Each structure stands twice: as C-alpha cells, then as structure tokens.
There are 2 protein chains.
Amino acid sequence: MDSDVTDGEVTGGEVTALSIGGLSRRTGVHLETVRYYENIGIMPAPPRSAAGHRRYDREHLKRLTFVKRSRELGFTLKEVRALLALVDGGDYTCGEVQDLTLKHLRDVRDKIADLQRLEVTLAEISDKCARGTIPDCPVIETLFRD
Amino acid sequence: MDSDVTDGEVTGGEVTALSIGGLSRRTGVHLETVRYYENIGIMPAPPRSAAGHRRYDREHLKRLTFVKRSRELGFTLKEVRALLALVDGGDYTCGEVQDLTLKHLRDVRDKIADLQRLEVTLAEISDKCARGTIPDCPVIETLFRD
DNA sequence: CTACAGCCTGTAGTAACTACGGGTACAAGG
DNA sequence: CCTTGTACCCGTAGTTACTACAGGCTGTAG
C-alpha cells in the first residue's frame, strides 16, 4: 500500500515517476485534460515507458499544479501561457507578473460589476410578479416591450 | 429616405416587412446570429421573397427583441427556449416564469460570490508584490507552492 | 453597364475542456 | 494458462453561443 506501483510512486510518499492517472489524482486535473494540455503545449510531452505510457516526474507535478491554481484563479489558458512563458524564460520580473495579475483583477472586477447590475434588474422584474396563476406576467411583458 | 426599401420599411416608420439586415439593425443582433437562431429553432423560418431573401414582420421583430433582452439578462439559450416555450404554449402562468427568473437570479448571485472570493485572493497575492525587478515573485511562488 | 452592397449556403473557428469509440497492456485471481 | 478488470493509448466529436469566412447570386444606383 505504500508502494503504489500503478501510480508510479515508489517509497515513503516520495514520488519518482507518475502515470498519467497518478498525476491526475494528485492534482485533481482530469486525465483527458492533462493530455489536452500536452496537445496544446501547456504541458511538455513527458518520456514514455516501454509500453508507451507517459511517465511524469516532480517537475511535471509542479507545473500542472501551477496551471491548475492559475485556472482556479480565473486566468485564461492564454494568460497561463503568458505566465509560464515568463517562468520558462527565467528572466521574468515581479513587475511583469504583477501586471498580468492586476489586469486580471480588473477583468474580474468588471465582471462582478456587470453581474451586480444584472442582479438588480432580475430582482426588480421578479419582484413585480404577483405570482398569480393568470397568464399575465410582468417578466414576460418586460422582455417583450418595444 | 422615409421609404427605405432595402430595409423593407414602407411608410412613416411603420414596419411591414424587414430584410435580415433591417431586422439586424433594428434589434442590434448580428445578421449571422439571426440565421443561427433560425437554424437552432429559436426563431421561426420566415417567408422568402422571390429571390429567396428572408422577409420578417413585426412578430419576428418582437420575438427577436425578447430573445436579445433575455440574453442580455444572462439567460442561457436553453433558458430562453424554456421562456419561449411557455409563451408559445400560451398557457404559462406567472409563477412558472418567476421560477425560471429566480433560479437564474440564484445562479447570478452564486457567480458573483465566486468572483468576489477570486477578487480577494488576487488582490492579496498581488499586494504581496514589492514590484522589484528581481526575478523573485510572490505571485509565482504562491502558484507553484506544494 | 458596371460597381458595390446585400443576401444566400455551408463550414470552420473560438474557449476550455469532456466524452466517446475502439484498441493495447498488464496485474491479480481461478 | 486464461479471464477479468483496470489503466492506458489515440483521435475525433460534442459542448455554448456565437462569429467569420468562402464562394456565389441578386439588385440597384450612378
């Protein structure tokens, strides 16, 4: 049980090689998504076992975790690519990274503002509704009015 | 000028027939989108002119306006379809419509909450940044940490 | 008569995956 | 030794809601 070979783990929780399934389970990223990331160049093509199965190491694990966190923070794959390019280049500055983060923060705030306007409108038209059984509905009226 | 034939308008701003371009301009819905709505059954197939051009009337205009407003309020096309089905059936009750609206309102509120959590996290990690030119970046650290 | 706009159809591209179909590989149980 | 089951392989299609061509016809104004 502490040498889960199918996962590619070897000793004491220390990971030396991971199958795609093992990587998927450790990161919580769908197996198909890992392959997808490889196809579009977000993840590098890992070495293969004799049978052609993908073998991942700690670096892959770190990178995929990075991608997953970034996605959870709402960065698009394009933005993630930009962040990775900075990291891969190795000569990124903190300022460059913060620029991307702040731009994304502005996008998020804009979206929140949009949704809040929507929320108000939806609440308003819904409030007009007397919830009768008659087919006369203020919501529909609002949507249909010229 | 007050009989814009290419738009299919006839007299005094009163619309009797609209080309797809005229409908598009009046509603602000992209011409291709109008055709798309026809393909997927959101808009009915209108009659055609001798040359095969689509001819729309006031009912089409009203329906497309309805669809556009609903979309602007963030209803998905599936939800718009449900609203239209109620209207088309003719026997909808105000309660049914309000149910859809309130469900959508809940979705919007959930999304706002999600984005606000994101906003806080992004602001926090960005604030940690000293904006130096050194390649050591707290944002990247956060994204990479185990 | 010749531009040029407007319309026609159908298909492909966008974002970011997810799901599926059909096939191979390998370990454990009988 | 064989079977069963799981994990993996690849490539393609489906999802949402459009948008953007490509290639061709029509219709009108100058």
Side-chain angles (χ1 to χ4, degrees), chain A residues 1 3-9 17-43 45-56 60 64 67-84 104 107 111, chain B residues 1 3-9 17-43 45-56 60 64 67-84 104 107 111:
Chain A
M1 277 67 173
S3 75
D4 184 346
V5 183
T6 60
D7 267 20
E9 298 164 35
L18 280 170
S19 67
I20 192 168
L23 185 66
S24 170
R25 246 165 282 129
R26 264 163 194 270
T27 54
V29 174
H30 259 276
L31 190 142
E32 292 96 332
T33 305
V34 178
R35 280 197 292 249
Y36 169 70
Y37 285 163
E38 184 180 325
N39 280 336
I40 64 170
I42 289 260
M43 288 292 287
R48 302 290 185 114
S49 73
H53 291 194
R54 292 169 178 83
R55 292 281 135 200
Y56 296 98
H60 293 110
L64 187 54
V67 174
K68 202 207 175 193
R69 288 231 175 85
S70 305
R71 295 287 301 123
E72 282 171 352
L73 288 171
F75 286 99
T76 63
L77 278 185
K78 197 178 165 188
E79 289 165 334
V80 175
R81 239 185 255 273
L83 288 169
L84 286 171
H104 180 50
D107 290 348
K111 188 141 228 170
Chain B
M1 275 67 173
S3 75
D4 184 347
V5 182
T6 60
D7 268 21
E9 299 165 34
L18 280 170
S19 67
I20 192 168
L23 184 67
S24 171
R25 248 166 280 129
R26 264 162 194 271
T27 53
V29 174
H30 259 279
L31 191 142
E32 292 95 333
T33 306
V34 178
R35 282 197 289 249
Y36 170 69
Y37 285 163
E38 183 180 324
N39 280 337
I40 64 169
I42 289 261
M43 289 290 289
R48 302 290 183 113
S49 73
H53 292 192
R54 291 169 178 83
R55 293 282 135 199
Y56 295 98
H60 293 111
L64 187 54
V67 174
K68 201 205 177 195
R69 287 229 176 86
S70 304
R71 294 288 300 123
E72 283 170 352
L73 288 172
F75 286 99
T76 63
L77 278 185
K78 197 177 166 190
E79 290 167 332
V80 174
R81 240 185 254 274
L83 288 169
L84 285 171
H104 181 49
D107 291 347
K111 187 142 230 170

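Only heavy atoms go into these numbers, but all of them, side chains included; no hydrogens, no water, no symmetry mates. Fair warning: this is a prediction, and the values are worked out from it, not measured in the lab.
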Next item on the list: Output, in order, the C-alpha distance, side-chain angles, deciding distance and verdict of side-chain contact (heavy atoms from CB on, under 4.5 Å) for B/R48 and B/R54.
Entry: CA-CA 5 Å; B/R48 302 290 183 113; B/R54 291 169 178 83; 3.3 Å; yes
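B/A45 pairs by the side-chain contact (heavy atoms from CB on, under 4.5 Å) definition with B/E38, not counting sequence neighbours. Applying the ring-ring contact (aromatic ring centres under 6.0 Å, His included) rule to B/H104 yields the partners B/F75; only residues at least two apart in sequence or on another chain are considered. B/E32 pairs by the salt bridge (charged side-chain N to carboxylate O under 4.0 Å, His left out) definition with nothing, not counting sequence neighbours. Scanning for ring-ring contact (aromatic ring centres under 6.0 Å, His included) contacts around A/H60 gives A/Y56, with sequence neighbours left out. A/Y37 meets the side-chain contact (heavy atoms from CB on, under 4.5 Å) test with A/V29, A/T33, A/I40, A/I42, A/M43, A/L64, A/V67, A/R71, A/L77; sequence neighbours excluded.
When the side-chain nitrogen and oxygen atoms of B/R48 are compared with OP1 and OP2 of C/dT9, one or more of them lie within a distance under 4.0 Å. Of the side-chain N and O atoms in B/R54, none sit less than 4.0 angstrom from OP1 or OP2 of C/dC7.
Residue B/S24 comes nearest to B/L31 through the heavy atom pair OG-N, 3.3 Å, listed as atom of the first residue, atom of the second, then distance.
Residue contacts for A/F75: at a heavy-atom cut-off of 4.0 Å it reaches no nucleic acid atom on any strand shown. B/I20 comes within 4.0 angstrom of sugar-phosphate atoms only, judged by non-hydrogen atoms across all strands, and of no base. Contact annotation for B/L31: backbone-only contact, meaning every heavy-atom pair under 4.0 Å involves sugar-phosphate atoms and none involves a base.
Each of B/S49 and B/T76 was assigned the nucleotide of DNA chain D with the nearest heavy atom; the assignment lying further toward the 5' end belongs to B/T76. Residue order along DNA chain C, read from the 5' end via each residue's closest nucleotide, puts B/N39 first among B/N39 and A/K78. Where A/Y37 and A/A51 meet DNA chain C, the nucleotide closest to each residue was compared, and A/Y37 sits on the side nearer the 5' end.
Rounded to an integer number of Å, the gap from CD1 of B/I40 to P of D/dG14 is 16 Å. In this structure, the NZ atom of B/K111 is 12 Å from the C1' atom of D/dT16, given to the nearest Å. Atoms CZ (A/R55) and P (C/dA25) sit 15 Å apart, rounded to a whole Å. Rounded to an integer number of Å, the gap from A/R25 CZ to D/dC8 P is 6 Å. Note: CG (A/D107) to P (C/dA15) measures 15 Å, nearest angstrom. Atom CD in B/E72 sits roughly 15 Å away from atom C1' in D/dA17 (whole-Å rounding).
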Tabulate protein N/O versus nucleotide N/O from nucleotides 18-24 of chain C, keeping only pairs under 3.5 Å, one per line.
{"residue": "C/dT18", "atom": "OP2", "partner": "A/T33", "partner atom": "OG1", "Å": "2.6"}

